[in-house]
There are 2 protein chains.
Amino acid sequence: MLGKRERTRARLLRCALELFERQGFEQTTVAQIAAAAGVTEMTLYRHFPAKELLVLDDPYDPVIVAAIAGQPRSLPPLTRVVNGLRQAWRMLPEPASEIVRRRVRIVAGSSALRAAAIRNNEDTERLVTEQLVTDGTAALPARVAAVAVFAALTAALLEWSQHHDARLGDVIATALDTLEARHG
Amino acid sequence: MLGKRERTRARLLRCALELFERQGFEQTTVAQIAAAAGVTEMTLYRHFPAKELLVLDDPYDPVIVAAIAGQPRSLPPLTRVVNGLRQAWRMLPEPASEIVRRRVRIVAGSSALRAAAIRNNEDTERLVTEQLVTDGTAALPARVAAVAVFAALTAALLEWSQHHDARLGDVIATALDTLEARHG
DNA sequence: GACGAAATGTTAGCTGCTAACATTTTGCCT
DNA sequence: AGGCAAAATGTTAGCAGCTAACATTTCGTC
């Protein structure tokens, strides 16, 4: 049996997701969510210090940085990041699609959430940038390669969430191909 | 002589910029800014409906979309957007650097502002995407090309603001080159 | 069952932001 | 100059997200 903390957390997540889908993110109040979960606002904030974290709680993934670090340094930075991500994707399991899609769909519907999602990537972007710089790339190209790829990934996720027939892997592959100018 | 409205607006901008530089964006309160400008909070909000708009008030620029629309459709979407931007940059005058650099430096120092800046680009991104789709590109590649380029531009601006010796044009050129994998 | 620790509740308050209505200030016309 | 409509500003009240400090309950364990 799970600890009480985990159960409360799960209940909050479930209620929040449902309310967000029914009335939208901005239109839903944290007081409503707390009430629906049978809990105080304060308790909600102890589990999720910001409202956005009820939708965005993806932790940083070290597999990505490792995969990029493993790319040959003769390649241009953008190519290294793109190829690193392709490889990381092959390692990672395809995530449980349906719950992820529901969440991403909520993100797609709120510009505040989209902004928060991008801010969420900043940590990983910084690590990728640092990795590239360590490998001898100048600061600006490193940063550009990192942000461009994560922007592309985010766009892919948002687009994917709107089509229930698409497979996430295919969408991401297309996005990465586009970054290598393989599309017309 | 300027109207009273314009003078108040300018005073608010000046006071806000100064306070943001001295104590940071998050640490500065709109009440402080209003007081410094000799005005009520309400008046501030009438001029700038959101705190971020005291730093980010760049309007949408149709020159960019036009330049992209003028690119040959045989090229891949990313290349068209990159080349369109290079051309648009040649048309546009180099902006008054110093005030811009101060503002961008403030943006660089606040993740909330960075997020807002990205959200600011969404309108233009959408128009660029629509332009590409009109020209026959599929939805996802169009969107990816658009967001990747604007992410790169934003990164270039942020990086540029930290080095007072760099010329904006050069930094942007480097960023765009990186997107075409011309760097190692 | 008791006891320390973890989880939750209470109260109060700050900040960004909005709405509705009152007041002053401007610019203009006669 | 004087007066008048409109523009600009002020006042008050309130909501939502979020934080801090302190009190209370509940849990796991011995």
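These values consider heavy atoms only, across backbone and side chains, with no hydrogens, waters or symmetry-generated copies. Chain naming here is simple, since letters A, B, ... match the order of the sequence lines and numbering starts at 1 in each.
In this entry the distance linking CD of A:Glu26 with P of D:dG17 reads 10 Å, nearest Å. Atom CD of B:Glu6 and atom P of D:dA7 are 13 Å apart (whole Å). Distance CG (A:Leu44) to P (D:dC18): 9 Å, rounded to an integer number of Å. Whole-Å rounding puts the A:Tyr45 OH to C:dG13 P distance at 18 Å. Atom pair A:Met42:CE and D:dA21:P shows a separation of 11 Å (rounding to whole Å applied). One atom, CD of A:Gln27, and another, P of D:dC15, lie 17 Å apart when rounded to the nearest Å. Summarising the geometry, the separation between CG on B:Leu19 and C1' on C:dT15 is reported as 16 Å, rounded to the nearest angstrom. Rounding to whole angstrom units, CZ of residue A:Arg46 and P of D:dG17 are separated by 18 Å.
The main-chain N or O of B:Ala37 is found under 3.5 Å from a side-chain atom of B:Arg11 such that the two form a donor-acceptor pair. Although no hydrogens or angles enter the test, the distance criterion places no donor-acceptor pair under 3.5 Å between the side chain of A:Lys51 and the main chain of A:Thr29. Side-chain N or O atoms of A:Thr79 include none that pairs as donor or acceptor with a backbone N or O of A:Leu75 at under 3.5 Å. In terms of modelled atom types and a separation under 3.5 Å, the side chain of A:Arg80 and the main chain of A:Gln71 share no donor-acceptor contact. At least one donor-acceptor pair under 3.5 Å links the side chain of B:Thr154 to the backbone N or O of B:Phe150.
Within 4.0 Å (heavy atoms only), B:Thr40 reaches at least one base atom of the nucleic acid.
Each of B:Lys4 and B:Phe48 has a nearest nucleotide on DNA chain C; the 5'-most of these lies closest to B:Phe48.
Considering only side-chain atoms of B:Arg5, the nucleotide from D:dA8, C:dC17, C:dG9 that sits closest is D:dA8.
The side chain of B:Thr8 contributes no N or O atom lying less than 4.0 Å from OP1 or OP2 of D:dA8. Taking 4.0 angstrom as the limit, B:Lys51 places a side-chain polar atom (N or O) nearer than this to OP1 or OP2 of C:dG16. Put simply, A:His47 has a side-chain N or O that comes within less than 4.0 Å of OP1 or OP2 on C:dT8. Dashed line: the shortest gap from a side-chain N or O of B:Thr43 to OP1 or OP2 of D:dT9 is not under 4.0 Å.
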